[in-house]
2 protein chains.
Amino acid sequence: MTTGLRERKKLRTRRELGTAALDLAVRHGLAEVTVEQIAEAAEVSPRTFFNYFSSKEEAVVAAGVERARDLADRLAARPADEPVMTSLRVVVRESLGETAPPKEWVAQVRLVRANPALLPHQLAAHAQIEHSLRVVLAERTGLAPDDLHPALTAAAVMAAIRVATDRWLGSDEHDDLGDVIDEALDLLTTGLRHPSRAP
Amino acid sequence: MTTGLRERKKLRTRRELGTAALDLAVRHGLAEVTVEQIAEAAEVSPRTFFNYFSSKEEAVVAAGVERARDLADRLAARPADEPVMTSLRVVVRESLGETAPPKEWVAQVRLVRANPALLPHQLAAHAQIEHSLRVVLAERTGLAPDDLHPALTAAAVMAAIRVATDRWLGSDEHDDLGDVIDEALDLLTTGLRHPSRAP
DNA sequence: GCTGAACTTGCAGTATGTGTAGATTTGCAG
DNA sequence: CTGCAAATCTACACATACTGCAAGTTCAGC
């Protein structure tokens, strides 16, 4: 089952467009970048750009989606008898990178922070990832794919990652992101109980 | 502290534009509606529309934001010694309406379901509400406004509402929405533990 | 009433996004 | 290898979305 040339080429173009969009936006500011420039950087016609993405915002964020799709893949690869939350902690750690978070990803989340116009599309991207997670979780637990439990678990975990990342960015990336996320996941597993203010 | 005429007028225009956008989109389909039509329906120039919203999608979703802002207001009005989750359950029930969910709101979420292009903006709107909730929760618990706990609680609750609503829409609005949301909140407070499959 | 600030508006110009039709490339069977 | 069918890319045309600017117009406070 070798993926045909056609398919590979398409994927390559998509990636090309995504990274070009991100690169240009980081370098010159989102507002200064036009679709024409992105298309040119990816060596493709402007019309073709719109065959892949419906806006430059979507393209900028697309790279992140692909990165995060591997979260679901990794999750599916964990042993089925491992507690779900354990699996989730492991895969999140894994995809955060051994040493530091991938700098492409950091550039992206920083860009979103600086450009509120990107937020809607960032959140939509998260929703896609959330959906992938939900599907895997449903298989894993043997529940229906539209059951409340896998859906909410996926949503809550994505929320934890989002909130933790935001906090991490806000604190000038001083803490270890993995630790912050773990803390957030702890809160989830303890039912969001009010933490004692004197530990 | 009577709000000046100016301010009231502005709010009125904003509301006018939002409801006009929603109305037209429901009636004719989102794609068929132009900003010009929305502006005309609100008796305002197209240029003015863009002084309020940066796209028609944002306008369509704005009505929902305002409705949901009252969630935070209601929450702030609950007694401070009531357990947070209890307060949340109460205010969600309250704002769902005594008998049935407000039909304007239902129309809106249905529209988003039918038009994926609206999803990003819907999620951004949720993020705004989430922020309001977070602020109130922080005050309530006496924690810093950027603390992980209020932030994650707000995010998780919004996620619960979103997932529950989606499920409710998917099941042809047969169940009681309030019950579905309660179920989702239960999952949150029990730490998302895997529900026993034989109750 | 007068004055400054806030809001609205028209206009001009650029960028976004889509339908269509024809060229180009790829997959595949003969 | 050849040629056909389907997928993809591209150019062109066009409507709509959005923004900056320089007026008008309306409101708040003195």
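Here is the naming used below: chain letters follow the sequence lines, and residue numbers restart at 1 for every chain.
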- Message: Before you tell me yes or no, could you show the steps for A:Val26 and A:Gln108 under side chain to side chain contact (heavy atoms under 4.5 Å, CB included), namely the whole-Å CA-CA distance, both residues' side-chain angles and the distance that decides it to 0.1 Å?
- Response: CA-CA 8 Å; A:Val26 166; A:Gln108 209 248 59; over 6 Å; no
- Task: Check the pair B:Val135, B:His131 against side chain to side chain contact (heavy atoms under 4.5 Å, CB included), reporting the backbone distance first and the verdict last.
- Result: CA-CA 6 Å; B:Val135 171; B:His131 182 81; 3.9 Å; yes
- Determine, step by step, whether B:Arg93 and B:Asp182 satisfy the side chain to side chain contact (heavy atoms under 4.5 Å, CB included) criterion, reporting the C-alpha distance in whole Å, the side-chain angles of both residues, the deciding distance to 0.1 Å, and the verdict. CA-CA 9 Å; B:Arg93 283 279 183 184; B:Asp182 264 342; 2.9 Å; yes
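Going from atom CD of B:Glu16 over to atom P of C:dC7 covers 18 Å, rounded to whole Å. Taking atom CD of residue B:Glu36 and atom C1' of nucleotide C:dG10, one finds them 13 Å apart after rounding to whole Å. Here the P atom of nucleotide D:dA17 and the CG atom of B:Leu17 are 14 Å apart, to the nearest Å. B:Phe50 places its CZ atom 18 Å from the P atom of C:dT14, with the value rounded to the nearest Å. What separates NE2 of B:His28 from P of D:dT16 is a distance of 15 Å, to the nearest Å. In this structure, A:Asn51 atom CG and D:dT10 atom P are separated by 9 Å, rounded to whole Å. Protein atom CZ of A:Phe49 is 9 Å distant from nucleotide atom P of C:dT16, rounded to whole Å. Here the C1' atom of nucleotide C:dA6 and the CD atom of B:Glu7 are 12 Å apart, to the nearest Å.
Residue B:Lys56 places at least one side-chain N or O under 4.0 Å from the OP1 or OP2 atom of D:dA17. Contact annotation: A:Tyr52 side-chain N/O to D:dT8 OP1/OP2 distance is not under 4.0 Å. For the pair A:Lys9 and C:dT25, the criterion of a side-chain N or O lying under 4.0 Å from OP1 or OP2 is not met. For B:Ser45, a side-chain nitrogen or oxygen approaches OP1 or OP2 of C:dT9 to under 4.0 Å.
In this model, no side-chain donor or acceptor of B:Arg6 finds a partner on the base of D:dA28 within 3.5 Å.
Checked for salt-bridge contact, B:Asp186 and B:Arg89 meet the test: a charged N lies under 4.0 Å from a carboxylate O.
In this structure, A:Val33 and A:Arg47 both approach DNA chain C, and ranking their closest nucleotides by distance from the 5' end singles out A:Val33.
Using a 4.0 Å heavy-atom distance criterion, A:Thr48 is classed as a base contact.
The A:Thr13 side chain lies nearest to D:dC9 when the options are C:dT16, D:dC9, D:dT10.
In the model, B:Arg140 has a side-chain atom that pairs as donor or acceptor with a side-chain atom of B:Ser87 under 3.5 Å.
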